[in-house]
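Order of the sequence lines sets the chain letters (A, B, ...), proteins ahead of strands, with each chain counted from 1.
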2 protein chains.
Amino acid sequence: MDLSHKINNCKECIYKSWAFKNLSDEELTRINEQKKEQLFRKGENICFEGDEILSFMYLQNGLVKLFKTESNNKEHIISIAKPKDFIGLLSIFSNKKHIYSITAIEDSIVCFVKLDIIKDLIKTNGIFALDFFEKISTVSDSVIKTRIDINTRQLRGRIAYILLFFAKHIYDSTTFNLPISRKEVAELIDMSTENVIRVLSEFRKDKLLQIEGKNIEIKDLKRLERIYELG
Amino acid sequence: MDLSHKINNCKECIYKSWAFKNLSDEELTRINEQKKEQLFRKGENICFEGDEILSFMYLQNGLVKLFKTESNNKEHIISIAKPKDFIGLLSIFSNKKHIYSITAIEDSIVCFVKLDIIKDLIKTNGIFALDFFEKISTVSDSVIKTRIDINTRQLRGRIAYILLFFAKHIYDSTTFNLPISRKEVAELIDMSTENVIRVLSEFRKDKLLQIEGKNIEIKDLKRLERIYELG
DNA sequence: TATATATCATGATATATATCATATATGATA
DNA sequence: TATCATATATGATATATATCATGATATATA
């Protein structure tokens with residue numbers, strides 16, 4: 001999907017009705033004047049761990065991964081963010097530097113709004129401030145919940161989790177193209193690449209899935225959900 | 001330690017200089033008039049998963065655990081909170097109900113401030129709002145970081161983590177009384193109770209620790225730190 | 001105090017998972 | 001197209017971890 005035509009004005013932006021609601025026309029204009037929208041192709045890096053945090057980053061379109069590079073040079077994926085997710089988590093309020101890197105896993109449009117402006121709006125528009133915090137709290141809370149969900153399950157439960165995550169949360173369909181490699185799935189749900197592949201094969205043999213490379217079709221949603229729930 | 005005499009006025013409260021700074025005398029009085037301070041004895045429950053969220057909860061003194069009860073009735077500890085931590089995480093902004101329970105693991109004083117008041121202050125005092133969010137963001141971010149820290153390590157690294165956590169973060173001393181049972185340590189760092197005990201014994205045999213029941217003394221901090229860093 | 005109950009401790013065993021080895025397929029690049 | 005790198009796949013093996021069993025302490029409760 002080519003997204004290059006999608007760059008637009010804040011006032012028309014679908015997100016006006018979401019994180020940036022409760023703003024006056026004048027305030028939206030202020031954001032619009034200095035905001036920067038940027039297209040990142042699949043695989044391109046949006047920010048690096050250690051970079052100074054200058055902007056509030058908003059994912060308009062596409063899909064990105066947030067990850068840390070461990071001391072042994074292995075990557076650990078913290079979460080996958082979808083449109084409507086702001087992709088700075090909370091570190092933007094509590095840190096000077098990004099505590100993880102962000103990479104596009106599908107062509108993505110990211111909207112950058114200078115942090116100063118956001119902070120100023122929080123100070124001057126209380127209704128916006130409160131609503132804004134409700135929104136970003138939801139994202140952080142869900143990251144915590146997800147980490148617990150994953151780590152209290154074993155391999156089959158974790159794979160079930162990730163399949164249901166993409167089907168329900170990201171693509172709203174039981175058929176989808178897995179946007180990440182098996183290796184990245186492994187980095188996301190804390191297991192070895194071989195075992196990701198193995199369990200997927202198992203699920204295929206069990207007629208839970210149909211797999212052709214990255215294309216996955218969930219054939220038995222109910223049973224997959226049960227595997228997830230049992231852990 | 002008996003804390004019953006410690007109940008006090010917001011204006012004198014040590015936390016005036018922390019989360020509640022940037023408030024006028026008039027605003028502090030408003031909080032003080034309706035705030036409720038309550039002493040919870042070790043083992044007493046402060047709130048239950050599913051309870052309606054009515055108050056912002058602030059840990060003045062003591063130590064508490066935040067935990068979820070899984071479907072198999074096992075408890076999973078999300079984090080240990082110490083004084084200065086607000087103990088509602090972010091769910092207080094994004095949920096109507098508590099998504100976990102909180103129990104005192106040491107005698108604790110919790111200060112309850114009606115959520116309405118906090119929300120009103122966020123709306124009307126921008127400087128407070130921004131500072132407040134920086135504080136609570138730090139807590140949520142650190143929960144996320146901790147979960148990753150724990151789950152990317154194996155047993156010895158996890159035990160090293162939790163020992164260093166109590167020594168550095170909670171008690172600021174290499175000698176301390178472990179405030180939770182081995183079973184609770186297991187629930188906190190995702191391992192079996194037997195293995196918690198086993199690894200602690202190993203560390204004792206290796207002269208890393210001296211253990212007498214709950215009393216633990218770290219004898220070789222450097223080596224423990226190395227075990228933590230290696231994972 | 002006596003009795004029950006939870007916690008701590010350790011060995012033996014079973015299970016889950018990672019690692020190693022090797023093969024095939026897929027996609028990128030010259 | 002040929003060559004190389006990377007991703008997928010699967011079996012064999014090693015390792016990490018949980019579970020089971022049993023006993024000893026400690027702690028709570030009648």
* Structure fact -> Contacts of A:Glu194 and A:Leu155 projected onto DNA chain C by closest heavy atom; the upstream (5') one is A:Leu155
* **Short side-chain N/O contact from A:Lys214 to OP1 or OP2 of D:dA7, under 4.0 Å** => no
* Please give, in whole Å, the distance from C:dT10 C1' to B:Ile211 CD1? -> 14 Å
* Is B:Arg41 paired with B:Asp107 through a side-chain N to carboxylate O contact shorter than 4.0 Å? -> yes
* Now, which nucleotide makes the Watson-Crick or G-U wobble pair with D:dT27, with each of the two distances under 3.5 Å? -> C:dA4
* Asked: Which base, if any, makes a Watson-Crick or G-U wobble pair with C:dA30, both distances under 3.5 Å?
  -> D:dT1
* Asked: Can the positive tip of A:Arg153 be found less than 6.0 Å from the middle of the six-membered ring of A:Tyr228, inside 45° of the ring normal?
  -> yes
* To do: Measure the distance from CD on B:Glu187 to C1' on D:dA18 and round it to the nearest whole Å.
  => 15 Å
* **For atom CZ of B:Arg198 and atom P of D:dT19, their distance in whole Å** => 12 Å
* Under 4.0 Å between any heavy atoms, over every strand shown, what does A:Ser201 touch: base, sugar-phosphate, or nothing? Just pick one. => sugar-phosphate
* Asked: Starting at CD1 of B:Ile197 and ending at P of D:dA21, how long is that distance when rounded to a whole Å?
  -> 17 Å
* Structure fact -> B:Asn195 CG to C:dT13 C1', in whole Å, measures 13 Å
* Side-chain donor/acceptor of A:Arg156 to base of C:dT17, under 3.5 Å -> no
* **Nucleotide of C:dA16, C:dC8, D:dT10 approaching A:Gln154 most closely (side-chain heavy atoms)** => C:dA16
* Which word best sums up how the rings of A:Tyr171 and A:Phe166 line up, parallel for under 30°, tilted for 30 to 60°, or perpendicular for over 60°? -> parallel
* Asked: Taking atom types as they are modelled, is there a donor-acceptor pair under 3.5 Å from the base of D:dT25 to the side chain of B:Arg182?
  -> no
* Is any NZ, NE, NH1 or NH2 atom of the basic residue among A:Asp190 and A:Arg147 found under 4.0 Å from an Asp or Glu carboxylate oxygen of the other? -> yes
* **Heavy-atom closest contact (B:Ala81 atom, B:Ile87 atom, distance)** => CB-CG2, 3.6 Å
* B:Ser181 near the nucleic acid: base, sugar-phosphate alone, or nothing, with a heavy-atom cut-off under 4.0 Å? -> sugar-phosphate
* Please work out if A:Arg158 contacts a base, only the sugar-phosphate, or nothing of the nucleic acid, heavy-atom cut-off 4.0 Å. => nothing
* **Whole-Å gap separating P (D:dA7) and CG (A:Asn177)** => 17 Å
* **d(CD1, B:Ile189; P, D:dT17) in whole Å** => 11 Å
* Asked: What is the nucleic acid contact for B:Leu200, judged by heavy atoms within less than 4.0 Å: base, sugar-phosphate only, or nothing?
  -> nothing
* Considering every strand shown, what is the Watson-Crick or G-U wobble mate of D:dT6 when both distances are under 3.5 Å? -> C:dA25
* Whole angstrom value for the distance that separates C1' of C:dA6 from CD1 of B:Ile180 -> 16 Å
